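Some notes on the structure that comes next.
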Amino acid sequence: MLVAAQNVFISAGNTTRNLRRRLKRIRLLISGVTAPKKVSTMRILQLHSNFIVFKPVEKEIAVAEETNKEENRVEEVLVLFTAIEEGDDTALAQKAIDDVHAFLDKLKVNRILIYPFAHLSSNLSKPSEALKLIKVMEAYAKQKEIETYRAPFGWNKQFTISIKGHPLAEQSRFYASIEGGEEAKEETVSEAVRAEEKMKSFWYILQPDGKREAIEDFDFKGYENLGKFAKYEIAKVRASQQMPPHVPLMKRLEIADYEQGSDPGNIRWYPKGRLIKSLLEQFVTAKTIAYGAMEVETPVMYDFNHPSLADYLNRFPARQYLLKTEDKELFLRFAACFGQFLIVHDTQFSYKQMPLKVYELTRYSFRREKSGEVCGLRRLRAFTMPDCHAFCADLKQAKQEFKTRFNLSIDVLNGMGLSKDDYEVAIRFTEDFYEENRDFIADLVKIYGKPILAEVWKERFFYFRLKWDCNFIDNQDKAAALSTDQIDVENAKRYEITYVDEKGEKQYPLILHCSPSGAIERCMYALLEKAYKEQQKGKLPMLPLWLSPTQLRLIPMSDKYIEKVEEIAKEIAAHCIRVDIDDHASTLQKRIREAEMEWIPYVIVVGQRELESEVLSVRDREAHGKVQNMKLEELITKVASKLEGKPFKPLPLPLNLSKRPQFYG
RNA sequence: GCCUCGGUAGCUCAGCCUGGUAGAGCGGCUGCCUUGUAAGCAGCAGGCCGCGGGAUCAAAGCCCGCUCGAGGCUCCA
């Protein structure tokens, strides 16, 4: 049971975020990576504050102290949110105050507020014990001549706090006494906190000419999109209220919709959406195979207790779909890594076959993103991810391969209709990697040819040493990662993946993880958001020709021409062009309008005139609806040439519009 | 997980504040019109107003609870 529950009202700027982040970290610690089991720890969240205002609201428990319900305000104070756990004792309480005392000297402050705060622990002591120790702390602090205030114990309190901005302002501590009551000692404040130090990012802009500038010195004029991206990455500031534009679009265009009968983030695909998605899938796959990867297919579910997997899973807890069967606990894959690593673990290969490239398009990967994170096609719980791993003998080979794959990714995005102007690149590495590989990183920037955002860490925290990602910036100024590649230095060992080197000795390879396009759904989100952007600029929105479900629409002037029009359609379709016929009995104008609403690239009206002259009037959406006259063969040649090198699938719906059901609206 | 908003016809939504016969546009169906490059006309059908409880003579509407969903925050390995 909670000793006290607070309604937290926090004022002023980023204090909310700070406190939440801090609380979250504390919970992380509590969840117990570092704290040995059965060890009691006194938990203190220590915040150097400009002020705190708190007000008791109502008694929570029987042993609550007597107090009045007046509002209290303390200025320039070190607030100690304190949770007493089972087994904590006087020695521990005094030890904590000793530490605080030392810390106060550093801060040049001599005022504390002891604030009983149950939420820091899930292993609270009995309230009576806790109150006793809180009083011990208070008395001991006063004895040390610290100006000591205290919030009442056992009350539901409401508080407002303003936290100072300096680096020492927020500290979390816990004090442990090992069972049996040996000497109290300060627990190392956990790997998570140390990890956070490692994770501290420094931001730069890398220029194609090799220059590296601190982000605050860079002039974003002419690079507004990069500016938005940097802002998003660093400050995480977003002001968006509107619905993401691609969501109504995906519905209206009958591409996809939410499936209420499933879990959020699991999407239903209508025929047109399935076609687009399928074409994108074929395209990435073809490109990746052409690059030299071997396509495989692996299971979607894995044994929770498999030793290699368990280790990996523990790093990313609680993001999986779990599956209980009679004899096993399984989880749905959240990436293709497992399946491929398990294959390569059992594969015999030597330096002669390297870099060894394995590819899979996962349909699906599953991540149980928290509710509220899921959004349209941007972020799903079930998504299609092309994933290509390259197993490299050494860093030299990895770097070479890395460049090749960067080019591949740029090429894939470009083919999909996303040019370098549509996304921004970030590159992330450790300081030492940069020092040793300056030229290499400069080469990557040169390949992209535009300034790149660089995130630099002092030490390695993640499993990779180097990573880049291409990020689409949408109409809400949010960034979403598309392609990415990383140099993984940990997983070969974890999965016991080895190759044989020139001397016949087993070695661990470096593993490159690349998604040449990013999630396919996310590519569709980017294309729709891009179309919307174009529309805002006054252009007619459309999808790339090769992805348009209907590429060419024929509109017969009246039903007496339908037969002739069907012949023309047959001729066009024979050239792998998706053509359909609007045989509805509505007016020409209305049918034109409907074709435009469907973003159809070419619309052709066929009547007496066309049939007599054999010259078609072609309405070209790309040319803002301008009507051009051309012969059928010319039209076919023109369209076919634009489709060259792209995958093709036939029309996913009946040829005649009158035969089509309406999936939405 | 937190905050906010929402669930009424196939779709988009109005009505709710101020309780008393359920509304519009689009779409669908039927008929007329046979069309020259972004909405032709008319008629018809279509609703357990998310679910459960309460107060009321009376609830889509007021109160309470639940549920499902969306958007934002956080998160995004």
Side-chain angles (χ1 to χ4, degrees), chain A residues 8 10 16-21 23-24 27 195 199 232-233 236-244 247-248 251-252 254 257-265 312-320 334-335 337 367-376 378-381 383 428 461-464 467 469 471 476 478-481 484 486 488 490 513 518-519 522 540 553 555-562 582 584-600 602-610 616-621 624-628 658 661-665:
Chain A
V8 184
I10 299 181
T16 307
R17 197 191 308 155
N18 286 342
L19 183 65
R20 279 204 197 131
R21 201 194 303 142
L23 287 175
K24 181 176 266 180
R27 286 196 201 107
M199 273 172 69
Y232 181 86
E233 280 288 309
K236 305 279 182 193
V237 174
R238 281 141 266 182
S240 137
Q241 291 298 317
Q242 59 176 123
M243 160 105 93
V247 173
K251 297 182 183 189
R252 214 209 71 221
E254 292 194 321
D257 203 344
Y258 299 121
E259 177 49 74
Q260 312 280 341
S262 179
D263 201 34
Y312 195 42
L313 275 174
N314 284 337
R315 289 176 67 109
F316 314 120
R319 281 275 173 128
Q320 295 85 39
F334 46 88
C337 304
R367 293 182 198 181
R368 242 200 75 93
E369 306 292 5
K370 282 183 260 166
S371 82
E373 295 173 346
V374 175
C375 168
R378 184 202 292 143
R379 192 102 182 264
L380 296 168
R381 281 183 173 175
F383 54 95
R428 303 159 204 269
F461 172 68
F462 300 113
Y463 58 80
F464 55 82
K467 171 186 179 174
D469 38 272
N471 296 273
Q476 300 175 308
K478 290 194 171 204
T484 178
Q486 348 176 315
D488 172 353
E490 276 184 12
H513 302 240
R522 192 171 272 187
L540 292 177
R553 170 156 300 163
I555 303 181
M557 282 297 284
S558 92
D559 44 16
K560 54 184 179 211
Y561 306 118
I562 285 191
D582 189 347
H584 277 128
S586 51
T587 60
L588 174 65
Q589 292 202 43
K590 181 157 183 180
R591 285 180 289 166
I592 299 270
R593 177 180 149 84
E594 264 156 21
E596 296 294 355
M597 300 274 286
E598 277 186 58
W599 299 2
I600 292 170
Y602 299 103
V603 180
I604 299 150
V605 177
V606 182
Q608 186 87 35
R609 224 156 61 195
E610 288 73 19
L616 301 174
S617 51
V618 181
R619 192 182 159 104
D620 185 346
R621 186 171 177 82
H624 218 273
K626 217 180 100 190
V627 177
Q628 289 162 315
S658 67
Q662 188 181 303
F663 291 100
Y664 180 87

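Throughout, protein chains are lettered first and strands after them, A, B, ... in sequence-line order, and every chain is numbered starting at 1. Only a predicted model underlies this, so the values are computations on that prediction, with no experimental measurement involved.
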Is A:Asp620 salt-bridged to A:Lys626, cutoff N-O under 4.0 Å?
-> no
Please name the nucleotide paired to [N] by Watson-Crick or G-U wobble geometry with both distances under 3.5 Å, or report none.
N     : value
B:G65 : B:C51
B:G1  : B:C73
B:U34 : none
B:G10 : B:C26

Rounded to whole angstrom units, what separation is found between the [atom1] atom of [X] and the [atom2] atom of [N]?
X        : N     : atom1 : atom2 : result
A:Arg381 : B:G69 : CZ    : P     : 9 Å
A:Glu598 : B:G27 : CD    : P     : 13 Å
A:Phe663 : B:G28 : CZ    : P     : 14 Å
A:Glu369 : B:A70 : CD    : P     : 14 Å
A:Asp263 : B:C68 : CG    : P     : 11 Å
A:Lys251 : B:U12 : NZ    : C1'   : 10 Å

Is the glycosidic torsion of B:U21 within 90° of 0, making it syn, or is it anti?
-> syn
[atom1]-based separation of [M] from [N] [nearest Å]:
N     : M     : atom1 : result
B:G23 : B:G47 : P     : 14 Å
B:A55 : B:C48 : P     : 27 Å
B:G19 : B:G15 : P     : 16 Å
B:C26 : B:A14 : C1'   : 14 Å
B:G69 : B:G54 : P     : 27 Å
B:C33 : B:G40 : C1'   : 8 Å
B:C13 : B:U35 : C1'   : 33 Å
B:U12 : B:A45 : P     : 24 Å

Worked check of side chain to side chain contact (heavy atoms under 4.5 Å, CB included) between A:Lys478 and A:Tyr232 | CA-CA 7 Å; A:Lys478 290 194 171 204; A:Tyr232 181 86; 4.0 Å; yes
Intermediate values then yes/no, side chain to side chain contact (heavy atoms under 4.5 Å, CB included), A:Ile600 and A:Arg621 = CA-CA 7 Å; A:Ile600 292 170; A:Arg621 186 171 177 82; over 6 Å; no
Can you find a donor-acceptor pair, distance only, under 3.5 Å between A:Arg367 side chain and B:C75 base?
-> no
Is A:Asn471 reaching over with its side chain to a backbone N or O of A:Asp469, donor-acceptor style, under 3.5 angstrom?
-> yes
Kindly say whether A:Asp582 contributes a backbone atom to a donor-acceptor pair with the side chain of A:Arg591 at under 3.5 angstrom?
-> yes
Answer yes or no: is there a side-chain heavy-atom contact under 4.5 Å between A:Val603 and A:Ile592?
-> yes
Any A:Gln476 side-chain N or O less than 4.0 Å from OP1/OP2 of B:G72 = yes
Give a yes/no on whether any side-chain N or O of A:Lys478 is located under 4.0 angstrom from OP1 or OP2 of B:C73.
-> yes
Run the numbers on A:Val247 and A:Tyr258 for side chain to side chain contact (heavy atoms under 4.5 Å, CB included), then give the verdict.
-> CA-CA 9 Å; A:Val247 173; A:Tyr258 299 121; 3.6 Å; yes
Do A:Tyr561 and A:Gln608 have a side chain donor and acceptor closer than 3.5 Å?
-> yes
Per-nucleotide protein contact string for nucleotides 33-41 of chain B, where B marks a base within reach and S marks sugar-phosphate only (heavy atoms under 4.0 Å, - for neither) = -BBBBBBB-
Find which nucleotide of RNA chain B each of A:Tyr258 and A:Gln486 is nearest to by heavy atoms, and output the residue with the more 5' nucleotide.
-> A:Tyr258
